[in-house]
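Just so you know, ligand 1 is whichever comes first in the structure, and atom 1 is the first atom listed for that ligand. Bear in mind that the values here come from a model prediction, so they are computed numbers and not experimental data.
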Amino acid sequence: MTTNQDRIIIFDTTLRDGEQSPGAAINIDEKLTIARQLSRLGVDVIEAGFPYASPGDFEAVQKIAETVGREGGQTICGLARTTSADIEAAAKALKPAVKARIHTFIATSDIHLAYKLKKSREEVLAITSEMVAYAKSFVDDVEFSPEDAARSDPEFLYQVLERAIAAGAATVNIPDTVGYTTPSEFGALIRGIKENVSNIDQAIISVHGHNDLGLAVANFLEAIKNGARQLECTINGIGERAGNAALEELVMALHVRRQYFNPFLGRPPESEAPLTNIDTRHIYKTSRLVSKMTGMLVQPNKAIVGANAFAHESGIHQDGVIKNKLTYEIMDAQLIGLTDHQIVLGKLSGRHAFQTRLKELGFELSDEEINKAFLKFKDLADKKKEITNWDLESIVNSEIQQPPELFRLELVQVSCGDRSRPTATVTIRTLSGEELTDAAIGTGPVDAIYKAINRVVNVPKDLIEFSVQSVTAGIDAIGEVTIRLRHEGRVYSGHAANTDIIVASAQAYVNALNLLYTALQSDTQRIHPQKIDLAEEIVAN
Ligand code: KIV
Ligand code: ZN
């Protein structure tokens with residue numbers, strides 16, 4: 001194998017670490033939709049999940065392996081702790097993929113050894129050798145991570161990495177698990193690994209990092225300068241706590257500043273060859289898809305994909321941009337696919353044109369889903385003259401790919417104004433076909449609707465987020481509502497879109513309740529790869 005990588009490998013972990021974000025849990029179909037979009041985006045590796053976590057997680061990884069893993073050219077990866085049961089589950093789920101990778105990990109910092117693993121350094125070394133070799137008995141491509149590497153004793157880290165590579169790991173990933181390190185420290189750690197791990201030339205150095213101090217992207221860029229060639233990142237930077245390093249920020253930093261980074265990859269500074277395989281024109285679309293499906297909104301001032309990232313509000317800036325874009329713009333919005341909002345369809349467009357456009361946008365829907373989406377489209381076209389690609393994406397993402405409908409919103413009606421008390425009436429149909437109607441008064445129309453729904457579907461919960469965004473400009477724009485509910489420490493998101501934001505608000509609430517009830521009904525426990533007490537779980541051979 002060659003480890004003289006002269007380009008950067010993009011390893012996307014949106015579906016694994018990203019999905020570990022509180023409230024970001026997504027169902028199997030949504031995971032598959034995201035995986036297909038990641039494939040179009042051009043990531044090299046898709047970490048599809050942690051198969052041992054639950055039957056649902058196993059099935060999602062398996063489905064991605066047998067679809068995207070056969071068609072897309074991506075390596076499909078599954079996470080496994082260093083236990084035989086985890087590794088076997090990952091191997092089984094990944095079997096259909098043409099290129100399969102098992103990513104196995106064990107903590108190496110003294111604090112994790114003492115309190116989480118309750119293992120000695122010698123035991124961790126032995127487990128590393130044995131479990132990497134075990135993973136290698138199933139797949140050629142094994143990645144190893146020493147969890148909490150950034151807080152580990154470098155000398156011990158070198159020994160663990162040497163063992164992992166000797167046992168067959170082709171990629172060694174260095175995680176800053178708690179987002180603690182700084183760019184120069186992380187760069188020095190990567191350099192130390194290059195200089196002190198005797199067999200490092202047989203492996204690719206990867207980095208993984210969390211954004212607790214807002215330094216993840218900066219840490220990764222410094223790591224590249226010191227020899228890292230794979231970046232583990234997520235769309236919109238979602239992930240545990242403050243999230244992971246954001247894929248779009250890393251890719252665009254490497255693209256916009258390639259003359260600066262080229263020499264670190266052994267290229268002449270003026271080389272125009274891309275540093276990654278990413279098709280940047282898919283970045284914005286992927287960001288919107290992940291945001292919708294996870295219910296995790298993108299802050300307006302977020303780099304690259306925030307609503308304001310390419311908006312020039314100040315007069316001076318606008319004047320400068322009109323005279324010469326480069327006065328205030330370091331990249332063109334087209335580069336990330338931001339101008340893809342032209343009018344595409346209207347009231348008279350037929351089913352065929354509609355279906356073709358959805359295909360071009362990358363949606364693969366069943367006949368039943370197309371019928372459902374087409375009805376929504378016609379309904380929207382009656383209210384809104386010009387339908388854009390963004391409207392179409394909104395229809396599909398919000399109306400078609402929804403959780404199982406235990407409760408269906410049949411009717412919502414409000415009366416409000418400055419002289420009346422906001423009052424709402426709702427009718428909900430249950431799975432058994434029963435129609436339940438109730439009414440309530442609230443502080444505003446949405447509050448009244450939610451109180452009325454609570455009278456029908458009652459489970460203790462806190463509404464922790466409510467937000468409305470418009471899809472396109474104009475008074476007839478679709479409004480997208482995202483809400484998040486918390487029940488017993490878990491967060492459930494609901495999402496809906498409609499030209500009437502009151503209806504969208506009601507639908508988003510019912511969607512979140514459907515998710516919550518589905519979770520309550522399923523009795524399978526989901527294991528968190530990093531938080532479960534490994535002391536009892538690890539098979540110390
Ligand atoms: O943050 C971390 O250490 C991880 C590992 C499992 C790679 O996510
Ligand atoms: Zn992580």
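- Residue-to-ligand polar distances keep H103 apart from ligand 1: every N/O pair is separated by 3.5 Å or more.
- Of the N or O atoms in D17, one or more lie within a sub-3.5 Å distance of an N or O in ligand 1.
- A heavy-atom distance below 4.5 Å is not found between the side chains of E143 and I102.
- In the model, E88 has a side-chain atom that pairs as donor or acceptor with a side-chain atom of Y134 under 3.5 Å.
- Residue contacts with ligand 1 include R16, since one of its heavy atoms falls under 4.0 Å from the ligand.
- Ligand 1 has an N or O atom lying under 3.5 Å from an N or O atom of T177, backbone or side chain.
- Taking 4.0 Å as the cut-off between side-chain N and carboxylate O, D212 and R241 count as a salt-bridged pair.
- Using a 4.5 Å heavy-atom threshold, the side chains of I205 and R229 count as separate.
- A heavy-atom distance below 4.5 Å is not found between the side chains of P51 and D57.
- The shortest distance between side-chain heavy atoms of P146 and L161 falls below 4.5 Å.
- Distances below 4.0 Å separate heavy atoms of E147 from the following atoms of ligand 1: 3 (O).
- Distance from atom 2 (C) of ligand 1 to its nearest protein heavy atom, with residue and atom name: Q530 NE2, 3.1 Å.
- Proximity to H210 (heavy-atom distance under 4.0 Å) selects the following atoms of ligand 1: 1 (O).
- Residue D17 counts as close to the Zn ion (ligand 2), with an N, O or S atom under 2.8 Å.
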